[in-house]
Amino acid sequence: MPHETRRAARRAAPQTSSPDAPDGTDSGSEEVSAPVGRRRRRGRAIWITVGVIALVLVGAAAWVGFKALTVKNELEAAQRLIGTSGDSGASAADRLRDIGAHATAASDAAGDPLWHLAEYVPIAGDNLRAVRVASESIAMLADDIGVPAVAAMNDGTGGAPLGRILTVLEEKGPAVAEMASTVADAASSRWLIGPVRTGIDQVDDVMRAAGPALSAAPALLGADGVKNYLLVFQNNAEVVPLGGSAASQTLVSADNGAISIVAQASSTDFRNGRAVDVPVDQSAIDLYGNYLLDHVNTTPSRPDFPTAARLLSAFWQRDIRSDQIDGVVSVDPIALGRILEATGPITVGDIEITSKNATQVLLKDVYAKWDPSKDKSAGRASDAFFATVADTVFSKISSGDFDVKDMVWAVSTSIANGDILLWSEDASLAPLIQGQRVAGVLPGDNAAQTTMGVYFRDTSASKIDYYMDSAISIGRTCSADRSTFTADTTLHLNLTQEQADALPGYVQSGTWGSEQFRTEVFVYGPPGTSFESATVDGRDVAPMRTDVNDLGRPVASFQTLLRPGETAKVSAVFTGTGDFGPLELQSTPMVRTTDKTVTDGCG
């Protein structure tokens, strides 16, 4: 090949490394290798950046984890203090301050900027937010409400203790209501893990009650004008569906936080036998008769406290005083016993009443000491005793002379068991109790739960129910799209004939003496169901009505006649289609706690 031709071919060929080049490469390779170097340097920079980010994330996670441990320890310390008994030696104010200190420490730890940033992380963030708002809520209730309220009640300046805390409630109530909304939002997440779910749900329950209650408390305590409340004492020794006969009533007045007793009356002070002018569903009269309307002591016969409260108010305004009544509160001796756990014992005359003997003294011993069947004046004496007991306990509560934690337990437990009921049509109070157990109203649908009700009423004119044992078992089974609900009820009169013969005449039946006692049983099926069948077992047990629908539910009623030592059993079955919530039982609060069983075979 000619020389010039070979030179042209070399120039046209791809440039590769040449041993003649000083660095082992052909000078023509510079244009190609430069981009490769830049890519290598860029790759190293990316990995360095990723590493730094990873280290930052690990560090942030470690920091949030450290804060979480702090929050956990502080909340557990606060929880231990919340569960501390009043017998621990620390005052309520000291315990509240310590609870607040731990909750504030937890809140501060959860208020860290990195914690707030981590709340945006999917799933984990919902849990972090729930923990933070729970901590802030506990701190708010302890530091902003509890501590200043207790200080105000014990400041020694005189006057009504509740009046002195009105300022605290008026200032802090709206903030608590706002926090309650925040807690409810945090609790609504479906991503919360077990311990967080349990904790936030507990706080949510408290805040749902505390928020509206604290906002409305000033008005309820008479900050905007006098409020009158009728306090009704139910006697569970003579059982009726809501608890016991309305043995006595007390009118209580609230005026700018000052609570006082205005007037008192017993069942004998009313014009019994004359019906009050209150509209009541015919279904209730079909089941409970005219006694519901014309005898004040049997007004709680229907398991619907608004019905009883309106009747009680009408009786008071017709026969005692024409007072404006803004609310009706029902309390029984079972609740009173729990309340004495918080206030400590009281002494009335020569009788000491404690949390352990309250039901015995008020529902048994009182009739041995004063027997109206032997001496008519004994009825007045026993009524005066009940009134003095109510006055003494009321004075302790209104003066703030009680353990706060124990009082919260006593009231909440009594509400859950139906021993304390509350009604009002006042705009400040009515929204607070709507849908709550304290309202004494059976749910109108099955959305949240499917509730069955089983209730008892003594119709033997006696006080025998101090000796009555009871058991209720409800259950649900399913086939295709139909649900079957069964309620089995047992009553046992737990005393011998000899013991019954020795009872005070006022405790024995006004009709049969100690021979036998009559108790009615009312079974309310779930809304949307129909009565299917009934069975009975016992010497003298029979169905009464199975064709009545009351309170939007089918009802089966029974009559039992029990001699001392006898047992009666009744069973009612209801069926229905559609959706039903978790099965729940409501029943009459008995002196001897009812043995309850709930079995939901449909999940």
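This one's a predicted model, so the numbers in the text were calculated from it and none came from an experiment. Position 1 is the first residue of the sequence, and the numbers go up from there.
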Quick one: pull up [atom1] in [X] and [atom2] in [Y] and give me the separation to the nearest 0.5 Å.
| X | Y | atom1 | atom2 | answer |
| --- | --- | --- | --- | --- |
| S283 | R553 | OG | CZ | 13.0 Å |
| T567 | L491 | OG1 | CG | 9.0 Å |
| L551 | D304 | CG | CG | 5.0 Å |
| Y506 | S462 | OH | OG | 10.5 Å |
| R197 | D126 | CZ | CG | 9.5 Å |

Taking the side chain as everything from C-beta on, heavy atoms only, tell me whether [X] gets closer than 4.5 Å to [Y].
| X | Y | answer |
| --- | --- | --- |
| L242 | T588 | no |
| D540 | T560 | no |
| L503 | I464 | yes |
| Q586 | L442 | yes |
| N549 | V555 | no |
| D458 | V240 | no |
| D185 | V183 | no |
| V176 | M207 | yes |

Parallel, tilted or perpendicular, as decided by the 30° and 60° cut-offs, for the rings of F386 and F233: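 The rings of F233 and F386 sit tilted, inter-plane angle from 30° to 60°.
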Intermediate values then yes/no, side-chain hydrogen bond (donor to acceptor under 3.5 Å, both in side chains), T459 and R518: CA-CA 6 Å; T459 53; R518 182 171 58 199; 2.9 Å; yes
Measure from the side-chain N and O atoms of [X] to the backbone N and O of [Y], and report whether any donor-acceptor pair falls under 3.5 Å.
| X | Y | answer |
| --- | --- | --- |
| S557 | R545 | yes |
| S414 | V411 | no |
| T594 | K596 | no |
| Q497 | G565 | no |
| Y229 | L220 | yes |
| T413 | A410 | no |
| Q508 | A500 | yes |

side-chain contact (heavy atoms from CB on, under 4.5 Å) between L585 and T451, worked out: CA-CA 6 Å; L585 171 65; T451 304; over 6 Å; no
Atom of [X], atom of [Y] and distance for their closest heavy-atom approach:
| X | Y | result |
| --- | --- | --- |
| E515 | R563 | O-CG, 3.3 Å |
| A358 | P333 | CB-O, 4.4 Å |
| L192 | A130 | CD2-CB, 4.1 Å |

From CA spacing to verdict: salt bridge (Lys or Arg N to Asp or Glu O under 4.0 Å), D281, R302: CA-CA 11 Å; D281 296 333; R302 191 191 200 192; 3.0 Å; yes
Steps toward side-chain contact (heavy atoms from CB on, under 4.5 Å) verdict (V239, R457): CA-CA 5 Å; V239 72; R457 182 169 75 158; 5.7 Å; no
F522 ring center near Y455 ring center (under 6.0 Å):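 No: the rings miss the under 6.0 Å criterion.
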Listed partners of E425 passing side chain to side chain contact (heavy atoms under 4.5 Å, CB included), at least two apart: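 Partners of E425 under the side chain to side chain contact (heavy atoms under 4.5 Å, CB included) test: R310, W423.
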Pair T450-R476, side-chain contact (heavy atoms from CB on, under 4.5 Å): steps then yes or no: CA-CA 10 Å; T450 295; R476 174 169 68 136; 5.8 Å; no
Pair D419-R338, salt bridge (Lys or Arg N to Asp or Glu O under 4.0 Å): steps then yes or no: CA-CA 10 Å; D419 300 302; R338 297 189 188 103; 2.9 Å; yes
Pairs satisfying ring pair (Phe, Tyr, Trp, His ring centres under 6.0 Å), at least one member in residues 459-501, at least two apart: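 The answer is F485-F580.
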Of all pairs that satisfy disulfide bond (SG atoms under 2.5 Å apart), the ones with a partner from residues 409-482, not counting sequence neighbours: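 Matches after skipping sequence neighbours: C478-C602.
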Pair R539, Q516: side-chain N/O donor-acceptor within cut-off below 3.5 Å: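 Distance-only check passes for R539 and Q516.
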Criterion side-chain contact (heavy atoms from CB on, under 4.5 Å) on T535 and D537, from CA distance to verdict: CA-CA 7 Å; T535 57; D537 183 19; over 6 Å; no
side-chain hydrogen bond (donor to acceptor under 3.5 Å, both in side chains) assessment of D481 paired with T577: CA-CA 6 Å; D481 62 343; T577 59; 5.4 Å; no
Verdict with reasoning, N235 to S245, per side-chain hydrogen bond (donor to acceptor under 3.5 Å, both in side chains): CA-CA 5 Å; N235 186 337; S245 62; 4.9 Å; no
